[in-house]
Amino acid sequence: MNFALSIPLEHVFVLAAALFCIGLTGVLVRRNVMFVLMSLEVMMNACGLAFVAAGARWAQADGQIMFMFILALAAAEVAVALGIVLQLSRRFDSLDVDAANEMHS
Amino acid sequence: MDALWLIPTFPLLGFLVLFLSQGQLPKIVVAIVGAGSIGLAAIVALVVGNAFMDAGAEPQTQLLWTWMRVGGFVPEIRLYLDGLSLVMTGVITGVGFLIHVYATGYMWDDHEEPEGFGRFFAYMNLFVFAMLMLVLGDNLLVLFLGWEGVGLCSYLLIGFYHRDPNNGYAARKAFVVTRVGDTFMALGLFLLFRELGTTEIQASLVAANIAWPEGSTMATVIGLLFLGGAMGKSAQVPLQTWLPDAMAGPTPVSALIHAATMVTAGVYLIARMHDIYIISPEAQFWVAVTGLVTLLISSCTALVQTDIKRVLAFSTMSQIGYMIMALGVGAWSAAIFHLMTHAFFKALLFLASGSVILALHHEQDMFKMGGLWRKLPIPFMSMLVGSVALAALPLTSGFFSKDAIMLTAADNPAAGMVFWGGAAVAAFMTALYTTRMILLTFFGEAKTAAHDSSGWNMNGPLVVLCGLALGGGWFGLGIVSGVLPDGGMTTHDHFSQIALVTMAMPLVGILTGWFVFGSSRGDVTQLLGTVFSENVRRFWYSGWGFDWLYDRAVVAPFVALARMNKNDFVDLVFKLAASTTRGVHHVLAVIQNGRLRWYAWNMALGLVVVFVVVMWEVMG
Amino acid sequence: MELPPNIWSYVLILPIAVGTLVMALILVWWERRLLGWWQDRKGPNRVWRWAGGFGQAIADAVKLLAKDDWVPPFGDRLFFVLAPAIVAGSMLMAYVVVPWAPRDSGLIITDSNIAVLWFLAMSSLAVYGVLLAGFASNNKYALLGGLRAAAQMVTYEVFMALSLMGVVVLAGSFSLLDIVEDQATLWNIGPQFVGFVIFLLAGLAETHRLPFDLPEAEHELTGGFHTEYSGMKFGLIMAAEYLGLIITSAMIVLLFFGGWLLPPALQALVPAGLTSTVVGLGVFAAKIVVFINFFILLRAAIPRPRYDQLMSLGWKILLPLSLVNVLGTGAWMLWTG
Amino acid sequence: MESLFYIAAVTALASTVSVVTAKNASHALIYLIVSLLSVAVIFFLLGAPFAAALEVVVYAGAIVVLFLFVVMMLNLGKGSVARESAWLRPNMWILPCLLTVPLFLGLVYVLSGQPVQTAAAMVGPKAVGTQLFGPYLLAVELAGILLLAALVGAYHLGRRYLSERREEV
């Protein structure tokens with residue numbers, strides 16, 4: 001069952017843009033760091049979708065490769081970010097992203 | 001020929017086994033692996049050498065793999081075997097093997113580093129491996145890899161007894177000083193690559209002959225840079241100061257550094273790149289001068305040393321000086337010939353002195369020795385044979401090679417008689433200090449109790465090396481002259497005036513030595529007791545004050561500059577920068593408040609602004 | 001909406017789903033019988049004596065169906081209901097890519113060029129079922145069981161994927177049909193023995209069968225992640241375990257033991273066409289049964305390790321081993337061209 | 001069959017909106033999985049089966065599991081929903097939407113140029129693999145280094161500091 005559809009490219013792009021904007025809104029609105037991270041994942045995923053769609057436009061593998069790099073980036077980001085989340089909740093007893101603003105002068 | 005790659009592989013495997021086992025193996029296994037790997041390499045070298053000779057001594061290469069591929073720069077790990085590298089390989093593996101066997105006995109009951117047996121042999125094997133890569137590599141990059149590997153291993157081994165900070169200092173000195181030479185070497189390499197576009201040795205030599213006319217400046221510059229590299233590795237003036245201090249390592253290490261590996265690297269490099277020096281006689285002349293100066297300085301220094309190993313160290317410098325001078329005057333194959341015979345007798349001398357030192361419980365001062373010839377017959381015989389070869393008495397191995405060098409030097413059009421005269425003086429001095437060493441060590445009254453504890457694995461190599469030191473001169477090196485332009489044949493026949501003087505110098509030296517140091521004679525003692533000679537002695541003893549000079553010329557100004565600069569105007573610039581930064585910080589701190597969402601907000605805002613601006617431009 | 005090129009594959013979904021579920025039902029009884037035999041006792045043999053006591057399995061199923069379908073009021077209702085469905089659903093989905101007989105027989109729902117990845121994807125989705133089951137129960141045993149299961153499955157998924165890569169490299173394809181056909185001359189168990197051992201262990205851990213059933217280790221965690229489950233939801237989790245057992249055995253057979261192929265010498269004797277389909281189906285089923293029995297034997301023979309032992313076995317032994325295996329296979333392929 | 005794409009797209013949008021608006025972290029994660037799976041379906045339909053499989057195996061199967069794991073460890077159950085509602089007052093949505101809606105509209109405006117169709121061709125795993133280990137080899141190495149760095153970082157962050165441990169014991 002090897003099939004691929006011909007889909008209007010701009011529809012895929014609009015979907016990707018919509019996902020990206022939803023994710024961005026999430027990053028801006030949420031205070032809970034877990035939700036911020038999830039929104040970031042959504043944004044990255046949207047980028048990946050755009051890349052794959054662009055790759056599909058010319059039937060080239062490059063789009064999928066960029067998606068894989070995004071995947072690797074996401075994996076690395078999540079590994080570190082979740083470690084930070086655990087430290088955050090352990091030290092400040094809160095998941096508020098602004099809880100750790102000890103840097104202000 | 002297919003077995004060529006095995007030669008460096010065995011030492012590498014030995015290193016990996018010993019290194020990865022982390023000293024967990026029993027000593028007997030370590031000894032077998034450590035010495036056996038070199039032994040196997042020596043056997044393979046023998047087989048390969050035989051096949052090579054049978055095949056008519058045609059240069060052969062073996063491509064192992066391509067290192068990397070960056071644009072047009074494609075260095076390959078390729079082994080190259082011709083007469084020159086075969087001789088080097090034979091010396092490294094053969095003499096190296098004997099040294100390793102000796103070391104199994106020498107290091108067995110080492111009380112300073114009882115846990116270090118495995119580590120010692122791991123480094124030794126790596127040392128041999130690096131040196132083999134240096135001589136077998138067909139690419140200057142591989143050569144450089146071996147070059148640096150040799151430097152690293154010498155650092156590790158000189159500082160082997162790392163509990164004493166002085167040894168660590170000696171190791172560091174060796175590393176830093178040779179690094180100066182390495183920098184020259186690297187610069188030469190870069191320059192060569194820029195000019196000729198390749199780092200393949202053979203290809204670059206061919207290209208150099210085409211690209212550069214006789215006396216070309218570029219060839220001179222590269223030749224001098226390579227000479228700088230050789231100075232560092234081969235301990236030539238002015239980068240020679242590390243070698244005497246390198247005696248801090250265990251004696252087999254000294255033997256390995258001085259006889260089979262490391263210091264011969266510079267000689268090999270110049271011999272390998274000989275086309276460059278033929279293109280540029282000017283560079284070649286400076287090679288000869290370097291050799292001559294080293295030769296004279298170090299043989300004088302050797303005369304006044306009290307530490308038996310330091311005497312040998314300075315004698316190595318002078319013998320390497322002979323080789324370098326030989327290269328400089330065009331006695332190419334004689335240089336390599338001397339390299340080989342020197343490897344035999346210098347390994348012999350070091351190992352024999354190691355036996356003496358071990359028997360005296362690590363006593364190295366010759367003035368505390370004496371009367372040992374009865375108690376240590378085998379080391380005594382070995383030392384005697386080695387000394388005779390070092391002094392180049394006729395019919396010993398050293399005689400043939402040194403004779404060839406000196407007679408060729410006399411032919412040199414630029415300053416033949418100077419070179420010959422210097423070499424002859426040095427030959428005289430060599431015989432003198434050799435006699436002094438023998439007399440002080442083995443004759444006279446015994447000053448320290450000796451316990452001969454050497455077994456077959458220490459005496460065996462000595463006996464073999466005795467044979468080589470005596471008879472090694474008969475080998476002849478026809479295969480090398482196939483590679484190098486043969487400058488070895490002189491116009492003087494063996495009974496001309498100059499040849500006779502050359503031959504007589506060692507004999508005169510030995511007789512003088514016997515006369516001066518043999519037994520206390522009033523006049524001589526008086527002569528040596530004058531203030532002038534005492535000053536000379538002290539000056540020579542310090543190695544002509546090079547350490548002092550470097551301390552004053554390099555270290556002291558640097559320290560002074562640093563001290564001067566500790567609290568001065570330069571800091572103002574930084575303080576200004578600091579206060580500016582602090583001022584800006586106060587402004588920015590308002591913005592950078594550690595609130596993550598505030599940052600996110602700004603990023604998003606920036607994104608939108610950029611987007612709008614771009615849109616404006618595009619649509620606009 | 002135009003018709004798909006092969007309606008047959010849609011038709012095939014139902015028999016395969018029903019067949020595997022029935023197979024799971026049989027296995028419940030079979031495992032107990034086999035364990036009884038190995039442990040020198042009878043096992044369930046009373047109901048339907050003429051069928052060796054198989055009636056017990058049906059009776060159990062009816063009991064599970066008839067039980068009160070209780071949802072804990074203190075838990076998360078949505079996840080509690082969803083979890084068993086995810087576990088069983090993802091396991092069933094994995095069967096989509098299993099080729100039951102040679103290529104021309106059409107006994108495969110879909111052959112995809114990502115079949116192996118599909119299997120991995122589905123087994124990684126199964127983690128959610130277990131994790132959510134443990135989380136939704138709002139019970140500390142269940143939570144610990146769920147956490148353990150998740151860590152164990154995520155860990156072993158890595159080696160499972162890596163151990164497969166050797167096979168994939170040999171066949172040059174992710175398609176299971178290609179992989180089986182690649183074994184016509186030599187089954188992968190020879191060149192990929194290391195991969196096989198790792199896959200076997202990883203498969204055990206992925207289906208959390210004994211001896212790797214730490215997420216539900218009774219003496220520590222009562223029932224583990226399904227402590228709060230009863231009735232048909234529990235039945236679904238149990239069925240999923242047997243579905244996992246079957247798919248793991250099937251994957252082992254497909255990847256390492258030549259799938260439906262007989263040993264090369266005998267395979268040549270099988271005529272093409274319907275005969276080969278029937279023979280292939282039979283051979284495949286026989287091989288699967290052998291491995292299912294092997295897994296049951298493992299359960300009977302080997303004690304359960306500690307959890308930290310399980311994890312260190314994975315990260316410290318299996319991971320390096322599987323990486324070396326992939327590297328070695330790759331080097332071998334490069335060497336032989 | 002194109003309708004499949006639009007179904008997946010709507011599912012993705014709806015579930016993503018739910019991710020951002022959910023109060024319960026674990027529910028949000030389930031929505032995120034749904035979103036990822038529907039994007040995987042879109043990948044498959046676009047002729048990128050390898051990316052689709054990776055999306056499920058790595059994204060849904062590993063990354064989000066990590067999220068869920070942390071949520072379970074922090075025990076973000078029902079108790080946190082109330083706090084979440086307090087943090088997420090309705091009027092907080094206004095400003096971000098003022099920012100992102102114009103961005104989205106701008107993007108749509110840019111993208112709705114001349115209509116182009118995707119190629120309807122399959123780019124299988126083999127093609128991706130040969131590209132990946134050919135021209136993109138350096139990037140793969142860099143990604144490997146990035147992952148290694150993340151490993152080290154996560155290890156460092158994950159362990160308890162010695163001073164803290166002393167207090168805890």
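Letters A, B, ... are given to chains in the order of the sequence lines, protein chains preceding strands, and every chain is numbered from 1. Computed from a prediction, not measured in an experiment: that's the story for all the values here. Values below: every heavy atom of this structure, side chains too, minus hydrogens, waters and symmetry copies.
Between the side chain of Lys126(D) and the backbone N or O of Gly172(C), at least one donor-acceptor pair lies under 3.5 Å.
With a threshold of 4.5 angstrom between heavy atoms, Leu29(D) does not approach chain C through any atom at all. Only the side chain of Ile114(C) comes within contact range of chain D, with at least one heavy atom under 4.5 Å from a heavy atom of that chain. Residue contact with chain C, scored on non-hydrogen atoms closer than 4.5 Å, involves the backbone and the side chain of Ala60(D) alike. When heavy atoms are compared at a cutoff of 4.5 Å, Ala151(C) approaches chain D by way of both its backbone and its side chain. Both the backbone and the side chain of Leu147(C) come within less than 4.5 Å of a heavy atom of chain D.
Within 6.0 Å of atom CH2 in Trp315(C), more than 12 heavy atoms from other residues, nucleotides or ligands are found, so the atom counts as buried in its surroundings. With a 6.0 Å radius and a threshold of 12 heavy atoms from other residues, nucleotides or ligands, Phe80(C) has its CZ atom above the threshold. For Tyr109(D), the OH atom sits in a loose shell: 12 or fewer heavy atoms of surrounding residues, nucleotides or ligands are nearer than 6.0 Å.
Among Leu125(C), Leu132(C), Val154(C), Leu131(C), the residue making the largest number of heavy-atom pairs under 4.5 Å with chain D is Leu131(C). For the options Pro125(D), Gly124(D), Ala40(D), Ala53(D), heavy-atom pairs under 4.5 Å to chain C are most numerous at Pro125(D). Chain C forms more heavy-atom pairs under 4.5 Å with one residue of Val58(D), Leu66(D), Val64(D) than with any other, namely Val64(D). Note on Leu120(C), Val158(C), Leu143(C), Val127(C): by heavy-atom pairs under 4.5 Å with chain D, the leading option is Leu143(C).
In plain terms, the two heavy atoms of Phe69(D) and Ala150(C) that are nearest each other are CE1-CB, 3.7 Å. Annotation for Ser26(D) and Phe135(C): closest pair OG-CE2, 3.2 Å, computed over non-hydrogen atoms.
To the nearest 0.5 angstrom, Ile86(C) atom CD1 is 6.0 Å from Ile30(D) atom CD1. Rounding to the nearest 0.5 Å gives a distance of 4.0 Å between NE2 of His27(D) and CZ of Phe79(C). A distance of 9.0 Å separates CG of Leu144(C) from CE of Met72(D), quoted to the nearest 0.5 Å.
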